[in-house]
Amino acid sequence: MPRTADRRYWLLKTEPGCFSYEDLLACPDQTAYWDGVRNYQARNFLRDDVRVGDGVLFYYSNAEPSGVVGTATVVRAGYPDHTALDPAEEHYDPKSTRENPIWYMVDIKAGERFRNFLALGDLRHVPALEKMELLRKGSRLSVMPVTAAEWKTVCAMGAGKRIRPD
DNA sequence: GCCAACGTTGGC
DNA sequence: GCCAACGTTGGC
């Protein structure tokens, strides 16, 4: 594991009907490649910034409700997304080639499934999370950075701990 | 299904 | 490079 000070945190979006936390748990070694990101800003994070050992918040979008279901750990840093090369794949992109891959992916391994599913509507009411990228109006990125403080808060909430001792 | 907020495309 | 049209995301 990298030193704590070097560890970064990310939120990765998936639609549960497409790839759920259960799907991740069912993978060999509970590890899967995170494919299908087709947005340049999100791609840049995967290619340039996500590193082995980083923490991942596993987020369900377009869900009822949407929210964070648990955590994962990055076990392989960015490498070309081969699903972009396959015409049979949903996210095939003819502009991407083996020589000049456009899209990147990482591998993640399941961490902890939260005792409490953290619905988006609940996260919005947490003062410590008010600057979280996910909660910004119009936020659409499928890969976004999370601060260490936000990570700590979200994981504590997921574990069922009280955030504000009021 | 609605629609706001983006991102991408392509004519000029 | 501008920008209108169009497509996508994703909460609600």
Side-chain angles (χ1 to χ4, degrees), chain A residues 8-25 27 32-50 54-72 74 77-108 110-147 149-151 153-158 160 163-164:
Chain A
R8 298 176 187 179
Y9 305 93
W10 308 92
L11 182 142
L12 300 185
K13 289 182 185 174
T14 178
E15 299 191 13
C18 178
F19 189 78
S20 69
Y21 202 82
E22 286 74 20
D23 292 330
L24 177 60
L25 292 174
C27 288
Y33 56 79
W34 197 267
D35 65 304
V37 171
R38 297 292 181 268
N39 167 283
Y40 286 102
Q41 197 178 346
R43 185 282 308 270
N44 291 346
F45 285 135
L46 293 181
R47 188 190 59 188
D48 305 331
D49 300 318
V50 178
D54 285 358
V56 170
L57 295 177
F58 201 102
Y59 179 85
Y60 284 166
S61 63
N62 275 319
E64 295 178 12
S66 296
V68 182
V69 64
T71 67
V74 176
Y79 63 104
D81 180 346
H82 57 77
T83 69
L85 305 175
D86 183 352
E89 289 282 348
E90 182 185 359
H91 298 290
Y92 170 63
D93 182 355
K95 295 193 299 297
S96 189
T97 64
R98 204 165 289 282
E99 294 72 29
N100 284 303
I102 298 176
W103 306 113
Y104 281 71
M105 59 187 182
V106 300
D107 290 356
I108 65 168
E112 303 289 332
R113 174 190 261 289
F114 287 160
R115 273 206 308 143
N116 302 327
F117 178 84
L118 302 178
L120 184 60
D122 295 332
L123 296 177
R124 289 193 191 283
H125 296 125
V126 180
L129 299 178
E130 63 183 1
K131 291 187 178 171
M132 200 175 181
E133 171 70 22
L134 176 72
L135 305 180
R136 279 189 32 206
K137 185 176 180 180
S139 171
R140 291 196 312 172
L141 272 181
S142 61
V143 177
M144 61 177 76
V146 172
T147 69
E150 290 161 354
W151 168 267
T153 298
V154 171
C155 288
M157 288 177 68
I163 300 308
R164 284 179 301 166

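Sequence lines set the chain letters: A, B, ... in the order given, protein chains first and strands last, and positions in each chain run from 1. Side chains included, hydrogens not; waters and symmetry mates left out as well; all remaining heavy atoms used. Remember, predicted model here, so these are calculated numbers, not experimental data.
When distances are taken from the side chain of A:Y40 to each of C:dG11, B:dT8, C:dT8, the shortest belongs to B:dT8. Taking the side chain of A:R124 as heavy atoms from C-beta on, and the options C:dC12, B:dG7, C:dG10, the nearest nucleotide is C:dC12. In the set C:dG10, B:dG7, B:dT9, the nucleotide with an atom closest to the side chain of A:N62 is C:dG10.
Using modelled atom types and a 3.5 Å distance limit, the side chains of A:D86 and A:T83 yield no donor-acceptor pair. Residues A:D107 and A:Y79 bring a donor and an acceptor atom of their side chains to less than 3.5 Å of each other.
For A:I102 and B:dG7, the CD1 to C1' distance is 15 Å, given to the nearest whole Å. For the pair A:L12 CG and C:dT9 P, the computed distance is 16 Å after rounding to whole Å. Put simply, CG on A:L11 is 16 Å from P on C:dT9, counting in whole angstrom units. In this entry the distance linking NZ of A:K13 with P of C:dT9 reads 11 Å, nearest Å. Protein atom CG of A:D93 is 11 Å distant from nucleotide atom P of B:dT8, rounded to whole Å. A:L135 has its CG atom 15 Å from the C1' atom of C:dC12, to the nearest Å. Rounded to an integer number of Å, the gap from A:E133 CD to C:dG11 P is 13 Å. We find that CZ of A:R140 is positioned 11 Å from P of B:dA5, with the value rounded to whole Å.
A sub-4.0 Å separation between OP1 or OP2 of C:dG10 and a side-chain N or O of A:S66 is absent. For B:dA4, neither phosphate oxygen OP1 nor OP2 lies less than 4.0 angstrom from any side-chain nitrogen or oxygen of A:K137. Side-chain nitrogen and oxygen atoms of A:R38 include none within less than 4.0 Å of the OP1 or OP2 phosphate oxygen of C:dG7.
In this structure, A:L123 CG and A:L120 CG are separated by 6.0 Å, a value rounded to the nearest 0.5 Å.
Between A:Y40 and A:W103, the ring planes are tilted. Angles from 30° to 60° get that label.
Nucleic acid contact for A:Y59: sugar-phosphate only, since backbone atoms but no base atoms lie under 4.0 Å from a heavy atom of the residue.
Between A:F58 and A:W34, the ring center distance clears the sub-6.0 Å criterion.
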